[in-house]
Number of protein chains: 2
Amino acid sequence: MMSRCEQCLIKEFNNLNALSKEELKQISDSKDVHVFKKGEVIFSEGKFVSGVYCIKDGVCKSSQLNANGKEQIVKFTKKGDLIGYQSAITNEANTITVTALSDVAACFIPQELIKKPLDENAKFSTAMFKTVCSDLKEANNAITNISTNTVHQRMADLILFLKDTYGATDAGVIKIQLSRKEIASSVGTATESAIRVLSTFKKDGLIDLTGKSITIIDEEGLKRLAEGI
Amino acid sequence: MMSRCEQCLIKEFNNLNALSKEELKQISDSKDVHVFKKGEVIFSEGKFVSGVYCIKDGVCKSSQLNANGKEQIVKFTKKGDLIGYQSAITNEANTITVTALSDVAACFIPQELIKKPLDENAKFSTAMFKTVCSDLKEANNAITNISTNTVHQRMADLILFLKDTYGATDAGVIKIQLSRKEIASSVGTATESAIRVLSTFKKDGLIDLTGKSITIIDEEGLKRLAEGI
DNA sequence: GCTTTATTATGATATTAGTCATTTTTAAAA
DNA sequence: TTTTAAAAATGACTAATATCATAATAAAGC
C-alpha cells in the first residue's frame, strides 16, 4: 500500500502544507519514494535535478568542494526539509552536493508539479520565497561567522546548533553523529584542529566525548564561548 | 518633470521588466526617488523596510556586524539591483545593512506593489525566485571561498570580481574605489593584512596602486593566484 | 577470531594572519 | 594655508591555525 501525500504528516513541517488538495493529489500520483544509504550522494554539484526531494526521514549535509577538493559543509537538513529546489526551479545545475548522513527516505517530486503551484498558488509561492530568503539569511550569517569568529567560537556554535536542530537526550547526548572530518568541514577548519578544539572543550568541562557522540555538559559555557565572552 | 517607470531603462537590468504595463504604471504612481550621499546608510540590520529600492545610479555594500562590532561585507550591489526585498517580502527585520559607496539614487517601491505582482504575475515571481536563488548560490560560494582559501587567494578573487562587476578603464583601473578597511571587510581579514597583501601584489607586478585606485597589471596572474595555482 | 584499513588523537613545527605601535600620507576642517 | 584628523603603510611581535609525522583506537572485511 502506497502512502498518500494528502495524509502525510511530514508536509506539516514544510511548505507543501500550503498546497491545495488537488495539487497534493497530483503530486501524490507521480511522486516516488527513494531510499538512500548513509553516505550515499542524493545529488551532486554540477548536475541537474529534475525535481525536489522532500525528506521523509533522516539527515543530510549540503556541501561544496573548493578548487583543491576540500569540502565545505554549507547546510544541514533533516526530516521535513525540501532539497534540490534551487536547481529544479532555476533550471540550472546544482551548486551543492547533498549527501545522506544517516539512512534517508525522501519523496521525489517532479519539477512541473512544484513549478505549477509556484506560479498559481500564491500561498505556496510566498512560503517558498520565505524559505529561500531564510536560507539566504543563514548563509549570510555563516559568512560573517566564519570570517569574524575564531575556530573555538565556531565549534561552540556548531555544537549548540546541532543540539537545537537535531535534539539531545535527557543526558545531553546530541542525537546526530558526525565524523571529525565532517565537523571540521562544517566549522571551516582542518580535521586535526577540530579534534584539538573538541579535546580542549572536554578538558574544560564543556562537553563530553564518547566515540562520535558529543554530550553537552555546560550549555551556558558554550553559549558564552560562541559569543566570544 | 517626474520620470515614469514605464519609460525607465534601468528595469531592463532587473526583474521589473517582467511586470505588465499596468503594474508598472501603479508603481510609477507611488514610487519615490531617494538620494543618498556616499557613506549614507540606506537601511539597517534589525530594522524593517516597507518596500524595495531599485538602484537607479551608484554602488552599495551589504554588510553585517558580528558580536564584537566587526563588519563583514556580504555583497556588493550596483545600478539595476533591487535591494531590501528580503525584509519587504518576508515581513521580517533586515539581516543586513546597506550603505552607499558612492552617491546613490534609488527608487523606493512600496511593499504592496511588489507583493501583488509576486502573487499574480508568474513571470515576475519566477524571475524574483531566480534572483534569490542566485544570491543564495553566491553566498554559499562565499562561505566555501572564505573558509577554504587563503587571504591572498580571496584578495585576488575580490580584485577580479570588482573588475568584472564594476568594470575598468582601458588602462586597467578598476572603476570602484573602496577603502582599505572595506576591502578587508569584504575579504574577511584585518585591515593591516589587506594592506600588506595589496603591497605584495604590487611588488609582484600583479597590480598597481595609486591612492584608492587599483590597476590590474597581470589579470592572468591574479586568476592563477585566486585558484591557488 | 584475526587482519587490514580508516578514523581519531597527539606532538612538533611551520605558516598564516592578527594585534599593537609608530610613521607616513592623504584628506578634511578651520 | 595651516592645523587637525583620518587613512594607509610598515615594523615588530604574538596568537591562531595548518601541516606533517606518528601513535592509538575503532571499524570493516575476511
Side-chain angles (χ1 to χ4, degrees), chain A residues 37-40 66-72 101-102 144-159 177-204 207-215 225-226 228, chain B residues 37-39 61 66-72 99 101-102 144-159 176-204 207-215 225-226 228:
Chain A
K37 282 264 158 226
K38 180 178 175 171
E40 216 176 317
N66 83 339
N68 307 315
K70 201 170 160 192
E71 182 192 46
Q72 175 65 35
L101 288 174
S102 66
T144 302
N145 181 29
I146 290 186
S147 81
T148 65
N149 295 341
T150 65
V151 172
H152 275 72
Q153 288 179 289
R154 277 138 58 199
M155 182 67 80
D157 202 63
L158 175 68
I159 293 171
Q177 295 197 340
L178 302 171
S179 70
R180 298 295 191 258
K181 200 176 156 214
E182 282 164 340
I183 291 175
S185 295
S186 175
V187 166
T189 189
T191 306
E192 297 95 322
S193 298
I195 291 170
R196 264 180 250 270
V197 173
L198 286 173
S199 300
T200 309
F201 283 11
K202 184 180 176 177
K203 194 167 58 64
D204 295 347
I207 59 170
D208 203 6
L209 298 167
T210 322
K212 290 202 197 326
S213 291
I214 299 173
T215 307
L225 217 161
Chain B
K37 283 263 156 227
K38 179 177 175 173
K61 63 176 178 185
N66 84 340
N68 306 315
K70 202 172 162 192
E71 183 191 45
Q72 175 63 36
T99 311
L101 288 174
S102 65
T144 301
N145 181 29
I146 289 186
S147 82
T148 65
N149 296 342
T150 64
V151 171
H152 277 73
Q153 288 179 290
R154 277 138 56 199
M155 181 67 81
D157 203 63
L158 174 69
I159 293 170
I176 188 179
Q177 295 196 340
L178 302 172
S179 70
R180 298 296 190 257
K181 198 174 157 215
E182 282 165 341
I183 290 175
S185 295
S186 176
V187 166
T189 188
T191 306
E192 297 94 322
S193 297
I195 291 170
R196 264 179 250 270
V197 173
L198 286 173
S199 301
T200 309
F201 283 9
K202 183 180 177 178
K203 194 167 59 64
D204 294 348
I207 59 170
D208 203 7
L209 298 168
T210 321
K212 290 202 198 324
S213 292
I214 299 174
T215 307
L225 217 160

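To find a chain, count down the sequence lines: A is the first, B the second, and so on, and within it residues start at 1.
- Atom NZ of B/K181 is separated from atom P of C/dG18 by 15 Å (rounded to the nearest Å).
- A salt bridge (Lys or Arg N to Asp or Glu O under 4.0 Å) check over residues 181-190 of chain A, counting only residues at least two apart or in different chains, returns the pairs A/K61-A/E182.
- Among all heavy-atom pairs drawn from A/A226 and A/Q153, the shortest one is O-NE2, 3.5 Å.
- The side chain of A/S199 places an N or O atom within less than 4.0 Å of a non-bridging phosphate oxygen (OP1 or OP2) of C/dT10.
- Listed for the A/R154 side chain is a donor-acceptor partner under 3.5 Å among the backbone atoms of A/N149.
- Within 4.0 Å of A/T191, counting heavy atoms only, lies no atom of the nucleic acid at all.
- When heavy atoms are screened at a 4.0 angstrom cut-off, B/T189 is found touching the sugar-phosphate backbone but no base atom.
- Comparing B/R196 and A/I195 against DNA chain C, the residue whose closest nucleotide sits nearer the 5' end is A/I195.
- Atoms NZ (B/K212) and C1' (C/dT25) sit 11 Å apart, rounded to a whole Å.
- Look at CG on A/N149: it is 13 Å from P on C/dG18, rounded to the nearest Å.
- Bracketed by its first and final contacts, the part of DNA chain D lying under 4.0 Å from non-hydrogen atoms of chain B reaches from D/dA7 to D/dA12 in 5' to 3' order.
- B/T148 and A/Q72 share no side-chain donor-acceptor pair at under 3.5 Å.
- Looking at heavy-atom distances under 4.0 Å, A/T150 makes contact with sugar-phosphate atoms alone, never a base.
- Look at CD on A/E192: it is 16 Å from P on C/dA12, rounded to the nearest Å.
- Taking atom CD1 on A/I214 and atom C1' on C/dT8, their separation rounds to 13 Å, with Å as the unit.
- Evaluation of the salt bridge (charged side-chain N to carboxylate O under 4.0 Å, His left out) rule for A/K203 yields no partner, not counting sequence neighbours.
- Of the residues listed (B/T200, B/V197, B/T150), the one engaging B/M155 in a side chain to side chain contact (heavy atoms under 4.5 Å, CB included) is B/V197, and it is the only one.
- Listed here is the closest heavy atom pair of B/R180 and B/A194: O-CB, 4.2 Å.
- Between the NZ atom of A/K38 and the P atom of C/dT7 there is a distance of 11 Å, given to the nearest Å.
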